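If you're wondering where the values come from, they're calculated on a predicted model, not measured in any experiment.
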Amino acid sequence: MRPPIELEWDQISSQLQDAFGYSAEEVDGYHNELEGDKEALMKLYKAMQLARGFENACNQQYMQGKIRGFMHLDNGQEAIPGLVDYAIKNGDKKYSYYREHTHALASGVDAGAIMAELFMKDGGTCRGAGGSMHIFDKKTFFQGGWALVAEQLPYAGGAAKSILLDRAMGLSDDDNIVKQNVPPGDDDDRIAIVFVGEGGSQNGRMAELLNASAKDNLPLLIVVIDNGRAINTFTPDIAKNSNVFNAGQHYGVPGLLVNGADAADVAKGGKAVIDYIRKGNGPAILQVHTYRFNGHSPADPEHERGRKNEKVWARAEQDTIKLFEDKYVSNGVFTAEELKEVRKGVLADVKSAVVFADSSPMPAVELAKELEYPDPVDTNYNTRPAPVFADEVNKRTISEEQMNTIQEHISSLRTKAVEGEISIGDAINLAIHEEMLRDPTTTIHAEDLQAGSSYDIPKLTQQTYGQIRAADEIIDEGHFIGKALGEGMNGYRPIVELMNTNFGIYGMAELSSAGNTYATTGGRFDMPMTVIGAGGTAPDQALGAEHSQPFHAYVMGIPGLKICTAASPEAAYGITKSMIRDNGPCFLFAPVKMMKEAKGTLNLDQCMPLNKAALLHEASEDAVKSGNAVTVLTYLHGVKEGQLSIEAIQEEGFDIDLIELRTLKPLDMETIAKSLERTHRLCILDESTKSGGVGATISARVSEELFDLLDSPVNRLCMDDAPVPYASSMEKAVVKRSSDLIEGVFNLCTGKW
C-alpha cells in the first residue's frame, strides 16, 4: 500500500522560499490570504463538493448505461479542481487528459453541458462528438480532454507560446478566439496550465516540454497529479524518479510538492507558484501527492496489487473533503449546518445537470460527415480575405531593414517564377513568405530553420519575422507538431516544415489528434496547421529504408487530414498558399529527389484547389478510338517517370491520360471518372506499398464506384512490401519506375493484364 506523506505548511513555505525565491513574509501572505477569508474557504469547499458530486453522478449514470465507452473518475483528488477554482482565471488556457471532468467544472464549464457530452447528446460541450475524454469549451479556454497519455504536454506548450505571440504581435482574441488588432492589456498575466498524471509525466514529452518552456520562458504551469499509479501499476515499479517536482532543476524550472489531502495547502502553495509564473518568471511544476478512490476506469478490472485495500484505507484516512470539514468545523470557521447547506445546493446542481443531459436530443447522423473538415473540400481560397490589420501589424513587428530584405528576396523568387527557373523548394518558400506577410498570425516551426533547412523552405523566415513567429525547434517532430497544434487552437496558423516527411513518424500521435480535433470538439475549434516536407521514393534514390518510407500512405487513414502532393513548382506554390489559408490540418508532400531539380513557372498570387487532380497529358483521340489508351494515375516522383515514358509508349502505338494526383485525400474521383469514360483501362504508378498503400485505396474506390467503366482489372504498379534497399541492384525489385509503366500499359492494351 502506498504510504501517505507528512507535509506541513512550514515545509511548503521552505520550498517556496528555496525554489521560488519568496520571502517568509510573502509566503505568510499566501497563508493568511486564504485562512483569513471564510468566503474563499467556502468557495474552495463548494468546488470540491461539486467535483465529488458530479463524479458520483457520472458513476451512477454509467452503471445505468447512459454513459458509455471509457470513463475516468477523479474521486479523492478534489484538491486539484479546488486549486483551479481558487487561483486559475478564465482567460488562462487549460489542457488536461482523459480524467478531466472536474478540471472543466472548476474552470467554469457548464455542468449540464459536460454531463450532456458524456450522455452523447447534442447539448454537450462537443455536441456528443467527444465524450468523456474530450471536454472542450471556448468560453473558458478549456482546451481538452486528450485521450493519449501525455499528448497534451506539447499542446499546452503551444498554447503558452500563443500568449507570448499575442504580446509580441499586439493581438488579442474575440469570443471565437479569432485575432483582433487589440493589444493585450498591461495587466495581461495569462498562463497556460497542463494536467498530467505522475505516470504520464515519465513520458519523454515531459523532458521536451521542460526544455522548450524554459528556453522560451513560457508562462506554463505543469500540474503533476501524483496518485501513485500509472493506470493500475504502482508507479515506483516502473519509474525511478517519483519526485517529479524536481525534474525541472536541470532546466532551471522550479517545482513544489504539496499534500493533496490538505486542500487549503494545495490552494495556498499552488497560488504562490501560479503567481510566480504570472510575474513573467517562466514555467514551474506543481506536484500534488494524492489518492484516487476509484480504479482507472469502471470498464477496467481492479486486479492491481494492493489497490482495493489502499482505496478502502484512503477513503477513510485520506479524503481531502472529510479532512477539510473536520479541520474547519473543529476550529470554528464553519458550522456543520453551513457545510450541509453547501452539499445540498451542490446535489441540486448536479441533479439539474443530469436532467439537462437526459432531456437533450441526440445529434443528427449527418453531423458526423459535417465535422470531417472545417472548410468544404471545394473551397476557393482565392476569395478568402486577409486580416485587415496585416499591414499595421507588419509595420510594428518587422523593421524597415528586414522588410526591404524580404521584399528583395520575394522579388527575386518571383522573377525566377516568371522565367521558369524556380524550384519546388523555392516555390514553397515564396508561398510561405507571401502568406506570412498577408496574415501575421501565420507562424512556422522547423529543425535547422534559420539555416533554411534542407530545401530552403523556411529560408529567411526567422531573419524576417523573429524567433517568436519562426521557431527553430529541437529534433523531435512530435514535440513541435504538438506545439503547433496548441498555437492553432489559439488563433494562429502554424506551418510545420519536416525537412524529410518520414521524420513525421515521430509525430503520428500529434498528427492524428490534429486531424481529429475539429470533429472531436464538435466543430467548436478549428485546427489550422500546414505540414510540409519532402518525401516519397524515387528510383535510384539511394537513401535506404528509413528515408524511403511511404509516409503519405501511413497518414491516409487519419480522419480530418487533407493530404496533397506536388511534383512541380506551380503545384507546390498554389497548394501551399491554399493550405495555409485552410482552417483545418493539411499535409503537403513534395518529391525529395525533385526539390531542386524540377523547375518551372508559377501562376503567381493564385491558390490552387485542395480537391483536384491535374491532367498532365491527354491520350490522342486515335488511341482512344482504337482501344489503345490507358488512364495512368500517379504522384510525386511517378509524375517524372510517367512523363519520361510517354514517348516510348506512343512508339508502341499506345497512349495515356497522365493524371497527377495532387490531392490524395479528398480523392478527385470526378477527374478519374472522366478519363476512364474515354480509356476504360487504369494503371496506377504508386509510390507506396502493395499492402495498405495509396494505390490500394484508389483501386478499391474505382472498383466500387466506377466498375462499369473498366474493361480490365486495375493494374497497380506499387512498391513491394519489402523495405527499400540502399543498393540500386536490389532497389529495382521494390521501387517501380518508367520501364514498369511502359510494360504495364502494354499489358493492359494487349490483354495480357
Side-chain angles (χ1 to χ4, degrees), residues 536-537 539 550 552-553 556 565 567 611-720 732 734-753:
T537 310
H552 47 282
M556 280 279 283
T565 71
N611 69 329
K612 286 296 176 184
L615 178 62
L616 303 181
H617 174 81
E618 188 172 29
S620 69
E621 285 300 321
D622 287 344
V624 170
K625 289 177 181 177
S626 61
N628 289 325
V630 174
T631 297
V632 174
L633 306 180
T634 192
Y635 56 95
L636 294 178
H637 303 95
V639 171
K640 177 183 175 182
E641 297 301 307
Q643 290 171 329
L644 288 173
S645 72
I646 291 173
E647 185 176 347
I649 289 171
Q650 290 175 332
E651 287 176 354
E652 295 292 331
F654 311 119
D655 210 344
I656 61 173
D657 277 1
L658 181 62
I659 296 174
E660 180 185 3
L661 298 172
R662 292 180 176 173
T663 170
L664 301 182
K665 197 175 73 167
L667 188 63
D668 182 5
M669 294 297 290
E670 182 181 356
T671 296
I672 296 172
K674 185 176 180 181
S675 177
L676 286 177
E677 286 171 354
R678 301 174 69 241
T679 68
H680 305 291
R681 294 181 179 89
L682 178 60
C683 185
I684 305 172
L685 182 56
D686 184 14
E687 217 159 305
S688 60
T689 50
K690 190 176 186 70
S691 300
V694 171
T697 297
I698 297 170
S699 178
R701 287 199 59 184
V702 168
S703 296
E704 292 166 0
E705 301 172 31
L706 305 176
F707 183 78
D708 290 343
L709 296 178
L710 295 174
D711 286 347
S712 61
V714 175
N715 188 0
R716 288 169 53 204
L717 304 175
C718 51
M719 291 166 56
D720 191 82
K732 291 178 181 178
V734 178
V735 180
K736 298 298 185 289
R737 57 204 70 211
S738 58
S739 56
D740 297 295
L741 179 58
I742 294 168
E743 183 181 357
V745 170
F746 178 86
N747 288 340
L748 277 167
C749 291
T750 59
K752 292 184 178 180
W753 179 261

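- With values rounded to the nearest 0.5 angstrom, E618 atom CD is found 9.5 Å from S620 atom OG.
- In this structure, I698 and L661 have side chains that are in contact, with non-hydrogen atoms separated by less than 4.5 Å.
- The shortest side-chain heavy-atom distance between V702 and F707 does not fall under the 4.5 Å cut-off.
- Interatomic distance, S675 OG to I659 CD1, rounded to the nearest 0.5 Å: 4.0 Å.
- Of all heavy-atom pairs spanning G642 and L741, the tightest one is CA-CD2, 3.7 Å.
- H617 and Q643 share no side-chain donor-acceptor pair at under 3.5 Å.
- Nearest approach of L709 to A673, heavy atoms of both residues: CD1-O, 3.8 Å.
- A donor-acceptor pair under 3.5 Å is absent between the side-chain atoms of R678 and the main chain of T631, judged by distance alone.
- Here the CG atom belonging to D657 is positioned 11.5 Å from the CD atom belonging to E677, to the nearest 0.5 angstrom.
- We find the OG1-CG distance between T679 and D655 to be 11.0 Å, quoted to the nearest 0.5 Å.
- Using a 4.5 Å heavy-atom threshold, the side chains of R737 and D740 count as touching.
- In this structure, the side chain of D668 engages the main chain of A613 through a donor-acceptor pair within 3.5 Å.
- Across all non-hydrogen atoms, the minimal contact from T689 to S691 is OG1-O, 2.9 Å.
- Put simply, the side chain of R701 does not reach to within 4.5 Å of the side chain of I672, judged on heavy atoms.
- Scanning all heavy atoms of the two residues, the minimum distance from I684 to G695 falls at CD1-O, 3.8 Å.
- With hydrogens and angles ignored, the 3.5 Å screen pairs a side-chain donor or acceptor of R716 with a backbone N or O of K690.
- Annotation for K732: atom NZ does not count as buried by contact number, only 12 or fewer foreign heavy atoms lying within 6.0 Å.
- If you take NE2 on H680 and CG on L710, they are separated by 9.5 Å, rounding to the nearest 0.5 Å.
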side-chain contact (heavy atoms from CB on, under 4.5 Å) evaluation trace for L748 with F654: CA-CA 10 Å; L748 277 167; F654 311 119; over 6 Å; no
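- The shortest heavy-atom contact between D686 and A696 is OD2-N, 4.4 Å.
- To the nearest 0.5 Å, atoms CG (L685) and CG (L636) are separated by 10.5 Å.
- Between C749 and G627, the shortest heavy-atom distance links the atoms SG-O, 4.5 Å.
- Checked against E687 for a side-chain contact (heavy atoms from CB on, under 4.5 Å), the options L717, V735, T537 give a single hit: T537.
- No side-chain heavy atom of T565 sits under 4.5 Å from any side-chain heavy atom of V639.
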